Amino acid sequence: MLYLRMDLTSTCRKVYGAARGFIDRMTEEMDETTNPARDADVIASEAVPAEDVAASALEPVAPGSDDVEPSVASPIAVAPEDVSPPVVAPVAVAPVAVAPVAAAPVAFAPVVTAPELVPPSRRKQSAVDLISMWLGNLVVSLLTAAFVVIFLYQPVKVEGTSMLPGLEDQERIFVNRFVYRLEPISRGDVIVFRYPKDTSKSYIKRVIGVAGDRIHIVDGLVYVNGEALSEDYVPQQYADWRSVPELTVPQGAFFMMGDHRNMSSDSRDFGPVEQKFVVGKAVFGYWPFEKLGKVK
């Protein structure tokens with residue numbers, strides 16, 4: 001009969017080796033979690049070979065040593081390994097330069113829309129609105145013209161030659177009907193008035209004297225308040241040689257004479273003209289075109 005004995009010292013060594021292997025494996029797993037890049041050679045050197053563990057587990061004992069007193073091994077203090085966390089150096093990341101990309105122009109095709117078809121009813125309404133607008137403008141224009149003609153300016157036609165050479169026969173002029181409401185009639189003004197002996201007729205003459213003036217004509221030469229009147233608007237060929245005794249123009253009246261003296265019927269014939277017969281002041285000639293301009 002073969003007796004096998006287990007040496008206590010060998011058994012404790014085996015148990016220690018197994019525990020050490022278990023602790024190493026646990027340490028490896030922890031290192032793999034915290035530091036996956038651990039060296040494989042170090043791990044392999046720390047492991048206990050399986051053959052050593054099996055050889056030391058069963059060791060034969062020499063026969064005749066029945067009273068062998070087992071020796072108790074003192075406990076071995078195992079110091080835990082210092083596992084320091086790996087130091088990871090910061091990696092400098094170089095900035096990446098991005099070059100601007102030039103966008104190519106996008107060509108858009110022209111959009112052609114078909115003309116909108118207008119229904120006949122709408123066209124008819126548009127025509128009515130247009131005609132109404134024209135009629136409204138026409139009415140406004142007529143009213144404006146009527147206001148101007150009635151209250152401001154009146155177009156008149158000169159008939160006769162008594163105002164030559166300033167105004168010709170059939171010449172068209174504008175007469176300001178409102179001006180004498182703002183200013184008085186003055187010597188030298190060319191005015192239109194109704195003929196005192198027939199108010200259906202209108203005359204156009206020049207003012208020679210106003211109220212209070214003393215008028216005296218000697219051989220065609222006109223004296224106003226004792227002084228000879230300078231009349232550059234009367235050419236020599238249009239002068240006459242008539243004489244008029246001195247008279248004083250009454251209040252509210254005016255002494256009128258035509259520029260063409262030997263062809264004019266004026267205050268030398270029918271006396272001074274009262275202001276109530278005055279129509280207005282001749283201010284502007286508009287026909288013929290060569291006579292266009294201010295009346296002088």
Side-chain angles (χ1 to χ4, degrees), residues 153-177 179-180 182-198 201-296:
Y153 291 91
Q154 178 180 351
V156 298
K157 180 177 68 173
V158 177
E159 294 182 351
T161 59
S162 65
M163 287 297 292
L164 284 175
L167 295 175
E168 299 179 354
D169 185 27
Q170 305 300 312
E171 186 174 341
R172 270 72 168 176
I173 61 173
F174 282 115
V175 176
N176 190 332
R177 300 167 58 94
V179 63
Y180 289 133
L182 303 176
E183 62 183 40
I185 299 175
S186 303
R187 301 188 192 99
D189 289 351
V190 177
I191 65 175
V192 174
F193 60 93
R194 291 186 296 274
Y195 181 43
K197 295 182 178 182
D198 186 358
K201 298 178 181 180
S202 295
Y203 283 9
I204 182 169
K205 306 293 180 182
R206 189 180 297 274
V207 177
I208 301 300
V210 298
D213 288 343
R214 294 179 290 107
I215 307 297
H216 186 205
I217 301 175
V218 179
D219 296 333
L221 184 59
V222 180
Y223 292 87
V224 177
N225 297 325
E227 296 182 1
L229 186 63
S230 175
E231 299 180 297
D232 54 355
Y233 43 81
V234 179
Q236 184 64 34
Q237 62 271 25
Y238 293 154
D240 70 353
W241 308 105
R242 286 192 298 172
S243 297
V244 176
E246 183 177 327
L247 59 89
T248 300
V249 180
Q251 292 295 322
F254 306 92
F255 194 87
M256 312 286 190
M257 294 179 66
D259 293 345
H260 194 177
R261 297 292 164 80
N262 55 18
M263 294 289 296
S264 174
S265 174
D266 46 42
S267 291
R268 293 172 298 177
D269 301 313
F270 48 77
V273 178
E274 296 180 10
Q275 187 167 359
K276 64 180 181 181
F277 295 109
V278 175
V279 175
K281 180 180 180 180
V283 292
F284 192 83
Y286 65 90
W287 182 265
F289 287 136
E290 57 268 17
K291 300 281 290 186
L292 185 69
K294 184 179 179 182
V295 175
K296 298 179 180 180

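Everything numeric in this text was worked out from a predicted model, so none of it was measured.
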Is it the case that atom OH in Y153 sees more than 12 heavy atoms from other parts of the structure closer than 6.0 Å?
no
May I ask you to test the S162-K205 pair for a side-chain heavy-atom distance under 4.5 Å?
yes
Beyond-backbone contact of Y233 with K296, side-chain heavy atoms, under 4.5 angstrom:
no
Could you check whether any side-chain heavy atom of L167 comes within less than 4.5 Å of a side-chain heavy atom of L164, counting everything from C-beta outward?
no
Restricting to side-chain contact (heavy atoms from CB on, under 4.5 Å), what partner residues turn up for D198, sequence neighbours left out?
Y195, S200, K201
Residue pair F270 / Y203, side-chain heavy-atom distance below 4.5 Å
yes
Would you say the side-chain atoms of H216 pair up with the backbone N or O of Y223, donor to acceptor, closer than 3.5 Å?
no
Crowding at CD, Q237 (>12 non-hydrogen neighbours, <6.0 Å)
yes
Could you tell me the separation between the CZ atom of R206 and the CD atom of E231, rounded to the nearest 0.5 Å?
8.5 Å
Going by an N to O cut-off under 4.0 Å, is there a salt bridge joining R187 and D213?
yes
Of all residues at least two apart in sequence or in a different chain, which pass the side chain to side chain donor-acceptor pair (under 3.5 Å) check with D189?
Y180
Would you mind checking if R268 and D240 are paired as a salt bridge, meaning a charged N to carboxylate O distance below 4.0 Å?
yes
Is any side-chain heavy atom of Q275 closer than 4.5 Å to one of I185?
yes
I'd like to know if the side chain of N176 reaches the main chain of K281, judged simply by a donor and an acceptor atom lying under 3.5 Å from each other, with no hydrogens or angles considered.
no
Checking I191 against I204 for the side-chain contact (heavy atoms from CB on, under 4.5 Å) test, could you report, in this order, the C-alpha distance in whole Å, the side-chain angles of both residues, the deciding distance, and whether it holds?
CA-CA 6 Å; I191 65 175; I204 182 169; over 6 Å; no
Provide the full list of salt bridge (charged side-chain N to carboxylate O under 4.0 Å, His left out) pairs with a residue in residues 158-171, sequence neighbours left out, each pair given once.
K157-E159
Residues in side-chain contact (heavy atoms from CB on, under 4.5 Å) contact with K294, at least two apart in sequence or another chain
none
Verdict with reasoning, Y238 to R261, per side-chain contact (heavy atoms from CB on, under 4.5 Å)
CA-CA 6 Å; Y238 293 154; R261 297 292 164 80; 5.8 Å; no
Going through the distances and angles, do R242 and D269 end up as a salt bridge (charged side-chain N to carboxylate O under 4.0 Å, His left out)?
CA-CA 11 Å; R242 286 192 298 172; D269 301 313; 3.3 Å; yes
Audit row: M257, I217, side-chain contact (heavy atoms from CB on, under 4.5 Å) steps and yes/no:
CA-CA 12 Å; M257 294 179 66; I217 301 175; 4.0 Å; yes
Can you name the residues that form a side chain to side chain donor-acceptor pair (under 3.5 Å) with S267, not counting sequence neighbours?
none
side-chain contact (heavy atoms from CB on, under 4.5 Å) between L292 and Y286: does it pass, once the steps are laid out?
CA-CA 5 Å; L292 185 69; Y286 65 90; 4.1 Å; yes
Show which side-chain atoms of residues 245-255 pair as donor or acceptor with protein atoms under 3.5 Å away, not counting sequence neighbours.
unit_1	atom_1	unit_2	atom_2	d
E246	OE2	R214	NH1	3.2

Side chain proximity check, V158 to M163, heavy atoms < 4.5 angstrom:
no
